[in-house]
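Contents: one structure, followed by commentary.
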Amino acid sequence: MRASKLYAPTLREVPAEAEIPSHQLMLRAGFIRKAAGGVYTYLPLAWRTLRKIEQIIREEMDAAGGQEIAMPIMQPSELWKESGRWEVFGEEMFKLKDRHGREFCLGPTHEEIITDLVRNEVRSYKQLPLLLYQIQNKYRDEIRPRFGLMRGREFIMKDLYSFDKDEAGLDISYKKMYDAYTKIFSRCGLVFRPVEADSGAIGGSNTHEFTALAQTGESEIAVCTKCDYAANVEKAESTVLYPEDETELPLEKKATPNTKTIETVIEYLQLPIEKSIKAVAFQDEKDKLICVFVRGDHEVNEVKVQNAVGAISLRMADKEAILAAGGVPGFMSPIGLRKGTVVIVDATVMEMKNACCGANEVDMHYINANPKRDFGEVLVKDVRLMQKGDACPHCGAPVQITRGIEIGQVFKLGIKYSSALRATFLDENGREKPLIMGCYGIGVSRTMAAAIEQYHDENGIIWPRAIAPYEVALVPVNAKNEAQMKLAEKIYAGLQQAGIEVLLDDRKERAGVKFKDADLIGYPVRVTIGPKAVEEDKIEVKVRKTGELVYFTEENYEEGIKALLAKL
RNA sequence: CGGGGCAUGGCUCAGUUUGGUAGAGCACCUGGCUUGGGACCAGGGGGUCGCAGGUUCGAAUCCUGCUGCUCCGACCA
């Protein structure tokens, strides 16, 4: 490719709308342009990188026994109503109607379509296992699209669905995908961790997220400092903390004026924060009130609460709802709430001794509350968020909290969709059974963004070789110097013949401009053709990542560059 | 959905407070000069100031409504 023909408009200045490096750099380097909030056009450079990522995915999916198909983006509402997810997805789904008033949506995912496809065609266990996948656009009407390709409303995803005759088969399919994902992200050159995760709205039992480590990531993960345990904090099981044993003192009510927050209460009562109990009230999608109590220095893990009560969604409770249950906002207590109110007490709170909690009266708190003695009938669950330094549930060593970008997820779905949509087969004994399913996604466009988050510097992107749009930028320093241009053309042809993807910067620009653009776009290797190359047969090669300079001759530059690339 | 902010040429922004008929840098076109890290000189093109109303002799500027973008929040009672 010649730079004079390449449509890659680079920007000197940072567009005002972009915040994080990947978004800024993709705009500046001429990879993407925005069409609407969370919707982007991929320009030639981005498209090349995306196709490389897709190709790596295809190779590994095919190697694992997957077959590629293409399902519709526009999907009929009937299937979604049949599975019950027309409502579950709700506002997050783009819905539309045809001229006859029939309802459709733009697919946020494809479980319904594929289950429908398979239920009509698969009859026998002899046809299993079956692994089908596609690489395609997905649509989700995010509350707040942001960070460029990181959280778009239209994005590219690879999704594979596995169908097995039994759990053992699902375990094998799951393992195949888990291993394939590890290979894919390794080949893309990313630093990542598979982490245990919550299964969320998609449903299912067992799931891992593949998370690219990056400070700009939106998901928080807990990583053990000793063993290989890693989990999304939403999922991470917190261990129960036991305080030192104390004699239980009698419950006592105390006036605590103007102490609506934990900080003010402990300040007023002169108690350590570990002696306080914090209340958070939610309402589920049916407006049912759920009161949650955690230790003052802990945070409520909403996902755990949701799972504990089987809610579809949670929001902060209205004042009215709290009052109706006998609670007082700011001074809520498990003691004295109206009978029938759902109360969840975190397992660690249950072990506390002589703690302080609200008294369900304005400006009043209890001290010396002993949950086991005083709280009565309550639901005891692990509902707190794992924090830095908490014990690893596997080996007990302290965990670290770090951030990452979720680039892939593998799920064991079981029979959730096959039973809802009655997708069955006949087993060896002629018995009708629901198909055992798994689903496995990779955010392709997000993976590209994640790579940039991990590999960039103040000058631009630094692509891992495997997913770089071009491997080599060939830069003649002076476009008007015939000898330089002639040599550059010769090397251009030579590199192409050697199977190296090369971009020749033949633009009539000054050297500085071409160097800046090469750095910004992030070609792994730059070959400079200047006076040294023409007069001394010294072909200068610069490695983008390290800044290292190497010189080759017309005789050996092909092998030399190949050897350099092999290391990137 | 709640709360901020913004909307002026392709990009980054000034001008709005105090109304008087639109500007800078970058980018683009022409010519010259220059060529190892985003040059320079000269000339030039391009904007109904987001949209719709209103006030006024006169509106980018004041008022009303709308739209879009963006940031924060929507768990810590």
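This is a predicted model, so every value here is computed, not measured. In the text below, chain A, chain B and the rest are named by the order of the sequence lines, each starting its count at 1.
Within 6.0 Å of CD in Q496(A) there are more than 12 heavy atoms belonging to other residues, nucleotides or ligands. Surrounding NZ of K254(A) are at most 12 heavy atoms belonging to other residues, nucleotides or ligands under 6.0 Å away.
Using a 4.0 Å heavy-atom criterion, one finds that E19(A) contacts the sugar-phosphate atoms exclusively. Counting any heavy atom pair closer than 4.0 Å across all strands shown, A16(A) reaches sugar-phosphate atoms only and no base atom. Looking at heavy-atom distances under 4.0 Å, V294(A) makes no contact with the nucleic acid at all. Nucleic acid contact for R384(A): none, since no nucleic acid atom lies under 4.0 Å from a heavy atom of the residue. Within 4.0 Å of D517(A), counting heavy atoms only, lies at least one base atom of the nucleic acid. Among the heavy atoms of the strands lying under 4.0 Å from G530(A) is at least one base atom, whether or not backbone atoms are also near. Residue-level contact check: P531(A) touches the bases, meaning some heavy atom is under 4.0 Å from a base atom.
Remark: R48(A) qualifies as a cation-pi partner of Y470(A) under the 6.0 Å distance and 45° angle criteria applied to the six-membered ring. At least one test fails for K95(A) against the ring of W80(A): distance under 6.0 Å to the centre or angle within 45° of the axis.
Across the interface with RNA chain B, nearest-nucleotide mapping of M332(A) and F147(A) shows F147(A) to be the residue nearer the 5′ end. If you find the closest nucleotide of RNA chain B to E17(A) and to D519(A), the one lying nearer the 5' end belongs to D519(A).
For K490(A) and E554(A), the salt-bridge test passes: some basic side-chain N is under 4.0 Å from an acidic carboxylate O.
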Polar atom pairs (N or O), protein with nucleotides 29-34 of chain B, under 3.5 Å:
{"residue": "U34(B)", "atom": "O2", "partner": "R510(A)", "partner atom": "NH1", "Å": "3.0"}
{"residue": "U34(B)", "atom": "O4", "partner": "K480(A)", "partner atom": "NZ", "Å": "2.7"}

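With hydrogens and angles ignored, no donor-acceptor pair under 3.5 angstrom links the side chain of E509(A) to the base of G38(B). The base of G36(B) lies outside donor-acceptor range of the side chain of K542(A), with no N or O pair under 3.5 Å. For R28(A) against G38(B), a side-chain-to-base donor-acceptor contact under 3.5 Å is present. Not a single donor-acceptor pair, N or O on each side, falls under 3.5 Å between the base of G10(B) and the side chain of R33(A).
Atom CD of E540(A) is separated from atom OH of Y551(A) by 4.0 Å, given to the nearest 0.5 angstrom.
Looking at residues two or more places apart in sequence or on another chain, you find a side-chain hydrogen bond (donor to acceptor under 3.5 Å, both in side chains) between S238(A) and K304(A).
Here the P atom of nucleotide C26(B) and the CG atom of L11(A) are 16 Å apart, to the nearest Å. Regarding L520(A), its CG atom lies at a distance of 19 Å from the P atom of C26(B), rounded to whole Å.
Closest to the F282(A) side chain, of the nucleotides G38(B), A74(B), C75(B), is C75(B).
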